[in-house]
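Notes follow once the structure below has been shown.
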Amino acid sequence: MVARLELERLINGRSLDELVAEFRVKTTGQHSPELQRLVNRIRSEPMTGKLALLCTRPHEEWRLVQMNGRGKPMTLLDGVFHNLDDAEWEIFKRRIKRHFDIELND
């Protein structure tokens, strides 16, 4: 319940479906104010347990990782991506699930 109220506050009257569609079109760069607030919120987690992308081959390959705290090795998770937009979409979906318990479909 609290998570849903926070989500409503972040998106300020816009529909989540609309913001998800906006993110799918442009995963990086400047977003609408509502989407940017949402992205900022789901990216601002403590270092321990935070999901992130690790570039394993510049401009060619990214891996999903979980941070384990400063100075500790990260944990590689399932998923190797050869397209940055696909990698960003996967981490966006996982963060939305983690923060708001909402499952987004491809």
Side-chain angles (χ1 to χ4, degrees):
M1 179 76 169
V2 172
R4 295 294 173 129
L5 291 174
E6 180 187 11
L7 178 60
E8 290 301 318
R9 182 187 58 76
L10 289 168
I11 65 177
N12 196 29
R14 302 268 309 269
S15 81
L16 180 59
D17 290 342
E18 187 180 355
L19 296 178
V20 167
E22 179 185 339
F23 185 84
R24 292 299 307 259
V25 169
K26 186 176 177 189
T27 61
T28 60
Q30 190 171 10
H31 301 295
S32 68
E34 296 84 6
L35 178 56
Q36 192 62 57
R37 275 194 304 276
L38 178 60
V39 168
N40 289 348
R41 173 62 182 97
I42 64 176
R43 286 180 179 165
S44 63
E45 297 181 305
M47 186 61 67
T48 302
K50 185 174 188 171
L51 298 173
L53 294 174
L54 173 67
C55 182
T56 50
R57 290 195 338 230
H59 310 289
E60 292 181 20
E61 185 178 276
W62 295 265
R63 293 286 311 260
L64 188 61
V65 297
Q66 180 174 323
M67 308 301 282
N68 294 312
R70 295 200 185 275
K72 296 180 182 174
M74 55 191 100
T75 303
L76 292 174
L77 303 176
D78 290 340
V80 176
F81 302 91
H82 299 284
N83 176 298
L84 181 57
D85 289 331
D86 292 342
E88 291 285 355
W89 171 240
E90 181 62 29
I91 202 165
F92 182 84
K93 290 189 307 183
R94 289 182 185 219
R95 287 173 172 165
I96 291 292
K97 174 69 175 161
R98 178 183 281 189
H99 287 272
F100 306 109
D101 198 29
I102 296 172
E103 200 80 46
L104 297 176
N105 299 316
D106 288 329

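Counting begins at 1 with the first residue of the sequence. Basis for what follows: all heavy atoms, side chains included, without hydrogens, waters or symmetry-related copies.
Of the possible polar contacts, one joining the Lys50 side chain to the Arg43 backbone as a donor-acceptor pair under 3.5 Å is found. With Arg63 contributing its side chain and Phe81 its backbone, the two residues share no donor-acceptor pair below 3.5 Å. Without hydrogens or angle criteria, Lys26 side chain to Gln30 main chain gives a donor-acceptor distance under 3.5 Å. His82 contributes no side-chain N or O that, together with a main-chain N or O of Glu61, makes up a donor-acceptor pair within less than 3.5 Å.
At a threshold of 4.5 Å between non-hydrogen side-chain atoms, the residues Thr56 and Val80 do not count as touching. Considering only heavy atoms from C-beta on, Leu64 comes within 4.5 Å of Leu53 through its side chain. Between Glu90 and Arg94 the shortest side-chain heavy-atom distance falls below 4.5 Å. Between Glu18 and Leu35 the shortest side-chain heavy-atom distance does not fall below 4.5 Å. In this structure, Thr28 and Glu88 have side chains that are in contact, with non-hydrogen atoms separated by less than 4.5 Å. Looking at heavy atoms from C-beta onward, Phe23 lies in side-chain contact with Thr27 at the 4.5 angstrom threshold.
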Working for side-chain contact (heavy atoms from CB on, under 4.5 Å), residues Lys93 and Glu103 = CA-CA 7 Å; Lys93 290 189 307 183; Glu103 200 80 46; over 6 Å; no

Any chance you could lay out the side-chain contact (heavy atoms from CB on, under 4.5 Å) test for Leu38 and Asn40, step after step, and finish with the verdict?
-> CA-CA 5 Å; Leu38 178 60; Asn40 289 348; over 6 Å; no

Decide side-chain contact (heavy atoms from CB on, under 4.5 Å) for Leu16 and Phe100; before the verdict, give the C-alpha distance in whole Å, the side-chain angles of both, and the deciding distance to 0.1 Å.
-> CA-CA 11 Å; Leu16 180 59; Phe100 306 109; over 6 Å; no

Starting from the C-alpha separation in whole Å, work towards a yes-or-no answer on side-chain contact (heavy atoms from CB on, under 4.5 Å) for Glu60 and Cys55.
-> CA-CA 8 Å; Glu60 292 181 20; Cys55 182; over 6 Å; no

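Tracing side-chain contacts under 4.5 Å through hydrophobic residues (I, L, V, M, F, W, Y), one never reaches Leu51 starting from Ile42; they form parts of separate clusters. Transitive grouping of hydrophobic side chains (ILVMFWY, heavy atoms separated by less than 4.5 Å) keeps Met47 and Leu77 in distinct clusters. Residue Leu7 is grouped with residue Phe92 when hydrophobic side chains (ILVMFWY) are merged at heavy-atom distances under 4.5 angstrom, including chains of intermediate members. Taken together through direct or relayed side-chain contacts under 4.5 Å among Ile, Leu, Val, Met, Phe, Trp and Tyr, Ile96 and Ile91 form parts of separate hydrophobic clusters. Note: the hydrophobic cluster containing Met67 does not contain Trp62 (ILVMFWY, side chain heavy atoms under 4.5 Å, direct or indirect links).
Checking Glu45 against His99 by side-chain atom types alone, a donor-acceptor pair falls below 3.5 Å. Side-chain contact check for Thr48 and Asn68: no donor-acceptor pair (N or O, by modelled atom type) lies under 3.5 Å. Under the 3.5 Å distance criterion, with hydrogens and angles disregarded, a donor-acceptor pair is assigned to the side chains of Trp89 and Asp106.
At most 12 heavy atoms of other shown residues, nucleotides or ligands fall within 6.0 angstrom of atom CZ in Arg70.
Considering CZ of Arg41 and CZ of Arg9, their distance stands at 8.5 Å, rounded to 0.5 Å. Interatomic distance, CZ of Arg37 versus NE2 of His31, reported as 13.0 Å (0.5 Å rounding).
The shortest non-hydrogen separation linking Ile11 to Glu34 is O-CG, 3.2 Å. Smallest separation of non-hydrogen atoms from Arg4 and Asp101: NH2-O, 3.8 Å.
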